[in-house]
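Each remark here refers to the structure printed beneath this line.
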2 protein chains.
Amino acid sequence: MNLSDFLKQFVSFPPEELEDIISHFEKEIVQKNKTLVNQGQVCNKLYFIEEGVGRSYYLKEDGKEITQWFFIEGKFMSSIESFFQQVPSLYYLEMLEDSTIYSITREKLDALFAKYHDMEKFGRLLSTEMLTRVVNKLNALQFQTAKERYEYMLTEFPNISNRVSLGHIASYLGMTQETLSRIRRHDTPKKS
Amino acid sequence: MNLSDFLKQFVSFPPEELEDIISHFEKEIVQKNKTLVNQGQVCNKLYFIEEGVGRSYYLKEDGKEITQWFFIEGKFMSSIESFFQQVPSLYYLEMLEDSTIYSITREKLDALFAKYHDMEKFGRLLSTEMLTRVVNKLNALQFQTAKERYEYMLTEFPNISNRVSLGHIASYLGMTQETLSRIRRHDTPKKS
DNA sequence: TGTATCCTTTGACTTATGTCAAAAAGTAAA
DNA sequence: TTTACTTTTTGACATAAGTCAAAGGATACA
């Protein structure tokens, strides 16, 4: 999915607005393993992924990485609180495949929000959609068993398991990779 | 904090817009233990709490309640995904104290978003603020020890522990009330 | 096509947290 | 106050999941 189609999913922009909006994004081709943002750095860009996969991850004191979110093609990617609140990012953002992305700075985005009521609406709808997705993960972590969490993840990120490593997925789900490996093998590690 | 001050925190509305917006809210005085929304029901209202505390909670098959969020005075309360996506709510919404709240329906809110660019901006900023708060909880649940999660909660909901029961807090933090009780007593139940 | 590296699985053991049950403390009602 | 009810704490025990370590597999590179 390209950026224009993505924008139109949320709001039916007049063609000239759409063109103006898109002209403020920059296309970038990035390689696998490229880090877009470092922990501690303010994330000043919002990225749209046309093709590829990325993730945000947190680095613990003991050196372990914990995946916070996956970002796939047709979605926006950013260190959410850092970008919106302009505070240092708790996460790294990195691409996990060679990818085609479009980026826009906070300043340009704010200018577009101020310029077009439609764009402001898009921003609102995008935020509420992200909010819904984050709440779904929260629910999975808080109410569900390890097995159910794994299934939730497959609906949120279809066939992600063929694209990223087991360890990345396990930490996203709040478990070790050994536990996830055991869950996958014999469907369930517990009684049920 | 009243509704007018809350709105002004985010956007500096012209006085007549502010007045129009506020006129679409309805004031309600509700008693402790009042349920605003049932699980399975579409939540059609957004509530602003002028005074009081509420929570959203999920009811498991085994009859246990799990608190998903607390809502205190000066904040909006709703079953977020249900309200924004108009799907059945996974949660109950209930007040935990006698409270003064203001409500607005989805229809009226949408009309205000369409009418005023400022209101649309408010909606966007409110969503991103909620998003940030939900992400903070997600981080707490995913990266932090039981003790750290308890401390995170105290910063998110100052002195909530004097207002709601231990059991509600424990389930919010994804632990049993016995565990929380032990954490509180001897600062930490683990090595550190 | 072999060598190095990375990723996944498996096993043995440890530990944090849950479960169940009962006692203690706190609060409200008569 | 006494009684009843709710909430919190404590104890003994069970268990899901983590840790550490090593063996297999897979993949990339040279």
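Because the structure is predicted, anything quoted here is derived from the model rather than measured. Note on naming: letters A, B, ... go to the chains in the order of the sequence lines (proteins, then strands), and numbering restarts at 1 for each one.
For Met175(A), the listed nucleotide lying nearest its side chain is dG18(D); candidates were dT9(D), dC7(C), dG18(D).
In this structure, the CG atom of Leu96(A) is 16 Å from the P atom of dC6(C), given to the nearest Å. To the nearest angstrom, C1' of dA25(C) lies 14 Å from CD of Gln177(B). Glu65(B) has its CD atom 13 Å from the P atom of dT6(D), to the nearest Å. Look at CD1 on Ile183(A): it is 9 Å from C1' on dA17(D), rounded to the nearest Å. Residue Lys60(B) contributes atom NZ, which lies 10 Å from atom P of dG18(C) at whole-angstrom precision. Atom pair Leu180(B):CG and dG18(C):C1' shows a separation of 14 Å (rounding to whole Å applied). Here dC7(C) presents its C1' atom at 10 Å from NE2 of His168(A), a figure rounded to the nearest Å. The CG atom of Asn162(B) sits 11 Å away from the P atom of dT27(C) (whole-angstrom rounding).
The residues Arg163(A) and Glu97(A) are annotated as salt-bridged, a charged nitrogen and a carboxylate oxygen being separated by less than 4.0 angstrom. Salt bridge present: Glu120(A) and Arg124(B) bring a charged side-chain N and a carboxylate O closer than 4.0 Å. The pair Arg55(A)-Glu65(A) counts as a salt bridge, with a side-chain nitrogen and a carboxylate oxygen less than 4.0 angstrom apart. A salt bridge between Glu94(B) and Lys32(B) is absent, with no side-chain N of the basic residue lying under 4.0 Å from a carboxylate O of the acidic one.
Within the structure, salt bridge (charged side-chain N to carboxylate O under 4.0 Å, His left out) contacts touching residues 101-111 of chain A (residues at least two apart or in different chains) are Arg106(A)-Asp110(A).
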Q) Reading nucleotides 19-30 of chain D from the 5' end, what letters show protein touch, with B for base, S for backbone sugar-phosphate only, - for no heavy atom under 4.0 Å? A) BBB---------
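Of all heavy-atom pairs spanning Cys43(A) and Val37(A), the tightest one is SG-CG2, 3.8 Å.
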